[in-house]
There are 2 protein chains.
Amino acid sequence: MAIERRPLREQVKDELLERLGHGRFTPGESINEVHLAEELGVSRTPLREALISLEREGIITSERGKGFRFAPTGRQEFLDLTAILIALESLALRTSDREHLSAIAPRLLAEARAFSAPQAPHGTIERYDDAWHALLLSGCANARLRELIDSLKLTLHRYERVVVGDHAILERAAEEHERIAQCLLDGDMEQAVAALEANWTSGMERIMERLPAVGTR
Amino acid sequence: MAIERRPLREQVKDELLERLGHGRFTPGESINEVHLAEELGVSRTPLREALISLEREGIITSERGKGFRFAPTGRQEFLDLTAILIALESLALRTSDREHLSAIAPRLLAEARAFSAPQAPHGTIERYDDAWHALLLSGCANARLRELIDSLKLTLHRYERVVVGDHAILERAAEEHERIAQCLLDGDMEQAVAALEANWTSGMERIMERLPAVGTR
DNA sequence: ATGCCGAATGCTGTATACAGAACTCAGCAC
DNA sequence: GTGCTGAGTTCTGTATACAGCATTCGGCAT
């Protein structure tokens with residue numbers, strides 16, 4: 001039955017990410033360890049361990065004597081992160097096993113189309129884009145690269161809140177996904193990579209439009 | 001006078017990296033927190049914080065109940081890491097400010113040539129390659145990208161020990177650096193990126209030749 | 001009213017304490 | 001001799017304690 005017994009620090013980390021995704025923390029907000037630990041029902045030790053881990057991921061900042069705070073967001077950082085992720089996902093796709101890609105291409109197409117359909121079941125919506133990309137890169141043998149991409153996506157998620165709930169944007173993404181899948185079906189890697197980059201650029205622009213010009217809250 | 005008063009956890013982290021670079025730990029080795037903390041003259045708390053930070057960088061692994069150990073190395077992981085770094089440094093170079101590149105190109109050339117010279121002062125040798133690449137990317141405005149590259153290089157350093165002290169290899173690298181600098185002087189970005197990738201590939205091959213086939217110690 | 005100073009408070013950074021999991025090894029059955 | 005078992009030991013994961021820095025706020029001088 002596999003009783004999952006993970007360290008508290010990891011559970012705390014997940015919980016913090018979850019709350020951040022739901023907007024229960026705001027970027028720049030400073031963290032009171034005692035209060036937060038109490039609220040989470042753990043001691044300061046695993047909380048601090050989780051914070052240090054998140055700090056290395058760039059989601060949290062710390063300053064000697066001042067403690068931790070959620071890293072401020074900014075338009076420039078968003079652009080920077082996006083540029084990195086484009087490069088990494090392109091690499092992952094290019095170096096994926098061709099056979100595996102051919103094998104999953106139909107599924108990639110199907111899932112994109114299923115999502116375009118009027119009412120996708122709720123709950124799957126938020127995760128759709130992530131899930132699709134994860135499937136796309138499931139044939140990437142470079143484990144390190146996959147982990148890195150996942151980690152960076154966590155930091156990008158902080159920006160995606162501005163478009164959460166906007167179905168039109170996700171539909172547009174699904175269309176772009178269809179295009180990528182089609183390229184893979186055709187076995188045209190160059191086009192697939194180009195389409196993937198276009199997908200990223202398009203998503204980036206949608207978010208940029210909605211990010212306040214300065215401060216980015 | 002700027003008395004540097006950094007948190008112990010960071011000093012510990014640096015010390016561990018230093019020791020790892022000098023081969024005082026071997027990949028796969030497991031860590032006894034009490035002993036190591038004592039040896040470093042700190043308590044377990046900042047040591048564990050340093051270990052958790054290094055874990056996120058991929059230099060250390062942990063398993064619930066078993067504690068921490070230095071992450072095992074492997075030929076495949078080395079290749080994986082190299083592929084990532086090629087992509088990221090290429091990106092960094094391509095997106096660097098052209099004017100800044102023109103400005104530093106002469107220095108890049110000079111440093112590469114100075115190093116090729118018979119006897120470069122000792123101590124500068126080990127850091128030469130890193131320093132040169134850092135200078136090359138000094139015009140990259142993407143701070144996040146620069147941090148990421150630095151972080152990944154730390155993990156690569158674990159593999160470079162096999163060629164440490166081999167001056168021939170560094171001279172070859174210096175020649176490749178000259179080529180890159182020359183491209184930059186000519187303002188030929190495409191060629192510069194290609195030369196940079198060649199530099200990486202070449203270095204990778206030199207190291208691969210010397211990595212034991214299995215286990216990678 | 002404004003700005004400086006100092007006590008008081010709160011919070012972080014580090015050390016230590018404690019409970020329970022994992023490992024070790026002697027003893028015993030076979 | 002080999003394999004199992006269980007007490008003892010070691011170590012980790014988490015909680016708690018403590019010292020010192022940072023911040024706040026009231027009082028005083030200007």
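Worth knowing before you read on, the calculation uses all heavy atoms, side chains too, and leaves out hydrogens, waters and symmetry mates. Lettering of chains follows the sequences in order, A, B, ..., and the numbering in each one begins at 1.
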Please tabulate, one pair per line, each protein N/O and nucleotide N/O from nucleotides 11-16 of chain C that are separated by under 3.5 Å, including the distance.
from, atom 1, to, atom 2, distance (Å)
C:dC11, OP1, A:Asn32, ND2, 2.7
C:dT12, OP1, A:Ile31, O, 2.8
C:dT12, OP1, A:Glu33, N, 3.4
C:dT12, OP2, A:Glu33, N, 3.4
C:dG13, OP1, A:Gly65, N, 3.2
C:dG13, OP2, A:Arg48, NH1, 2.9
C:dG13, N7, A:Arg44, NH2, 2.8
C:dG13, O6, A:Arg44, NH1, 2.9
C:dT14, OP1, B:Leu8, N, 2.6
C:dA15, OP2, B:Ser43, N, 2.7
C:dA15, OP2, B:Ser43, OG, 2.6
C:dA15, O5', B:Ser43, OG, 3.4
C:dA15, N7, B:Thr45, OG1, 2.7
C:dT16, O4, B:Thr45, OG1, 3.4

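With sequence neighbours excluded, the residues forming a salt bridge (charged side-chain N to carboxylate O under 4.0 Å, His left out) with B:Glu57 are A:Arg56, B:Lys13, listed by chain and number. B:Phe68 meets the ring pair (Phe, Tyr, Trp, His ring centres under 6.0 Å) test with no other residue; sequence neighbours excluded.
As rounded to whole Å, 16 Å separates atom P of D:dA22 from atom CZ of A:Arg69.
For the ring pair (Phe, Tyr, Trp, His ring centres under 6.0 Å) condition, the pairs that include at least one residue of residues 71-99 of chain B, sequence neighbours left out, are B:Phe78-B:Tyr159. The list of salt bridge (Lys or Arg N to Asp or Glu O under 4.0 Å) pairs with a residue in residues 144-155 of chain B, not counting sequence neighbours, reads A:Glu77-B:Arg144, B:Glu89-B:Lys153. Here salt bridge (Lys or Arg N to Asp or Glu O under 4.0 Å) pairs that include residues 96-107 of chain A, with residues two or more places apart or in two chains, number zero.
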